[in-house]
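What follows is a single structure, written as structure tokens, with notes after it.
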Amino acid sequence: MYLDIIHAKLRMVMGSKKKSWYNMILDELGRYRKMDFTFASGRILGSMCTEPFSIAKKAYRYFLETNLGDPDLFPGSKKVETLYLSFVLDLLNAPDTAGGVVSSGGTESNITAVWLAKKLSGKKKVIVSEGVHFSFQKIASLMDVELVVVPLTKRYCIDVSMVRDKIDDDVAMVVGVAGSTELGMVDPIQELSDICSERNVFLHVDAAFGGYVIPFLRELGYSVRDFDFKFKGVSSISIDAHKMGCSAIPMGTLVVREKKWLEDISVESHCVSGKKQAGLLGTRSAGPVAAAYAVTRYLGWEGYKKIVKKCMNNTLYLMEKIENIGLNVVVEPCMNVLGVKLKKPYNVAEKLTDHGWKVNIIDKISSIRIVVMPHVTKKVIDEFIPVLKKVCKEEGEI
Ligand SMILES: *Cc1c(COP(=O)(O)O)cnc(C)c1O
């Protein structure tokens with residue numbers, strides 16, 4: 001008996017000695033990875049990303065070593081990119097003349113859109129609302145542009161009359177948001193489109209989050225504002241596969257009404273194949289593109305519709321539970337993003353973290369944000385609500 005234990009121990013020691021350097025490195029990484037939150041646990045409530053579908057993970061691995069910056073070497077990868085782009089162009093009702101560039105996400109798509117509008121117009125002013133994504137702060141600091149910030153309405157959308165007032169001959173671009181980062185609100189894109197057509201100004205619609213939500217919500221009969229290329233004044237749209245596209249990070253797209261515009265942001269690319277390269281990045285893997293394509297093929301229109309329906313149902317379920325414990329939402333949600341009004345959002349969020357739950361804080365409107373992504377199921381909500389209630393009682397919120 002005793003000897004058995006000693007032998008077992010010896011085997012363990014010998015075994016670990018034989019453990020290869022390769023495995024030790026992987027073990028080390030495994031320990032770090034354990035420090036991370038995971039989407040699968042359901043404890044991430046504030047992120048706009050989710051666990052990629054398993055087919056996305058497989059597709060990503062197939063294309064790991066490829067380089068879309070060098071398309072002559074990887075014509076298959078280029079083909080996948082073309083196929084993915086045609087799906088997105090369709091989704092957004094883009095005209096036949098339209099084109100797109102794949103990006104690493106909403107930030108890069110916004111940078112590229114501003115780059116394009118500046119090139120096309122030779123002007124520097126960009127009109128945004130207070131609710132625009134913070135990537136525009138980076139843009140203002142990085143590129144020689146002047147942000148003109150207009151206020152939000154009581155419903156947290158861009159004030160269209162202010163946009164009308166602010167447009168002058170120096171404006172390169174107006175930005176509308178379809179699914180705001182803070183509350184999922186949709187600006188009146190149709191009205192912005194009318195104004196921008198009339199004044200001949202580039203209208204960029206930031207649908208990084210909403211692009212994969214709104215088309216499906218509308219078909220499900222929800223009264224959410226439309227936002228896409230059906231409106232003639234819309235010049236470009238940004239849409240992220242790594243948010244509600246349920247694919248892997250980093251993957252976004254900028255779609256433009258006229259493919260030929262992309263020539264203005266293309267440069268001759270020596271050293272790598274292909275005569276010209278459009279967009280910001282050089283060397284980039286087709287892994288995320290293949291992943292996004294795989295998910296769109298796998299889910300199709302009906303699959304996404306089902307996911308959006310479930311997320312929206314869960315959002316309304318969560319809202320009801322939140323109101324039942326005596327809290328208030330910031331505004332009636334129009335998609336699967338919910339703001340919860342709090343006096344001390346930092347304290348509440350910190351205590352929730354202590355209990356293993358992660359929400360985001362919107363300090364501008366004294367609230368926390370919950371994004372009801374596919375991993376935020378009814379079961380997760382039922383586990384979360386008692387914790388939220390306890391924490392809010394302790395903090396005197398209810
Ligand atoms: C998430 C988001 C972005 C930024 O996208 P990244 O992928 O994080 O670069 C931009 N705009 C909106 C509306 C977003 O929701």
Are any non-hydrogen side-chain atoms of [X] and [Y] less than 4.5 angstrom apart?
X	Y	value
V126	E146	no
C334	V186	yes
V101	T253	no
R218	V224	yes
Y212	V308	no
V329	V331	no
F384	V376	no

Atom pair CG (D264) and CD (E258), whose distance is rounded to the nearest 0.5 Å: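 Those atoms lie 12.0 Å apart.
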
Lys/Arg N to Asp/Glu carboxylate O, [X] vs [Y], below 4.0 Å:
X	Y	answer
E81	R284	yes
E302	K305	yes
D354	K351	no
D170	K124	no
K123	D169	no
K232	D194	no
E51	K57	yes
R31	E28	no

Does [X] belong to the same Ile/Leu/Val/Met/Phe/Trp/Tyr cluster as [Y], with side-chain heavy atoms less than 4.5 Å apart forming each link?
X	Y	answer
F209	I368	yes
V234	V255	yes
V177	M173	yes
V380	M319	yes
Y222	V213	yes

Could you tell me which non-hydrogen atom of [X] sits nearest to which non-hydrogen atom of [Y], and how far apart they are?
X	Y	result
M185	C157	CB-SG, 4.1 Å
L388	I322	CD2-CG1, 4.1 Å
G282	N67	O-OD1, 4.2 Å
I158	S129	CG1-CB, 3.5 Å
F229	N93	CB-O, 3.3 Å
G339	L183	CA-CD2, 3.8 Å

Residues E395, K344; criterion salt bridge (Lys or Arg N to Asp or Glu O under 4.0 Å); working and verdict: CA-CA 8 Å; E395 287 299 318; K344 294 175 280 180; 3.5 Å; yes

Distance-only, no hydrogens or angles: does the [X] side chain make a donor-acceptor pair with backbone N or O of [Y] under 3.5 Å?
X	Y	answer
Q277	G69	yes
E108	S104	yes
Q190	F227	no
T66	A286	yes
K243	S47	no
N336	T315	no
R225	I189	no
S367	D363	no
S121	A117	yes
K166	S161	no

Do you see a donor-acceptor pair shorter than 3.5 Å between the side chains of [X] and [Y]?
X	Y	answer
D206	N110	yes
H204	S236	yes
D159	T153	no

Test log, rule side chain to side chain contact (heavy atoms under 4.5 Å, CB included), inputs D168 and K125: CA-CA 9 Å; D168 60 24; K125 274 193 195 170; 2.6 Å; yes

Pair Y293 + F87: ring centers closer than 6.0 Å: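 Ring-ring flag for Y293/F87: false, centres at least 6.0 Å apart.
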
Intermediate values then yes/no, side-chain hydrogen bond (donor to acceptor under 3.5 Å, both in side chains), H375 and T50: CA-CA 7 Å; H375 62 270; T50 192; 2.8 Å; yes

Residues Y304, L91; criterion side chain to side chain contact (heavy atoms under 4.5 Å, CB included); working and verdict: CA-CA 11 Å; Y304 276 118; L91 180 67; over 6 Å; no

K378 NZ/CZ over Y317 ring centroid, <6.0 Å and within 45° of normal: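 Judged by the rule (NZ or CZ under 6.0 Å from the ring centre, within 45° of its axis), K378 counts as positioned above Y317.
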
Step-by-step side chain to side chain contact (heavy atoms under 4.5 Å, CB included) determination, H355 to K390: CA-CA 11 Å; H355 286 89; K390 178 176 180 296; 3.7 Å; yes

Stepwise ring-ring contact (aromatic ring centres under 6.0 Å, His included) check, F37 with W357: CA-CA 9 Å; F37 277 79; W357 293 90; 9.6 Å; no

Candidate pair R369 and M48, rule side chain to side chain contact (heavy atoms under 4.5 Å, CB included), full reasoning: CA-CA 10 Å; R369 177 190 79 169; M48 292 190 142; 3.7 Å; yes

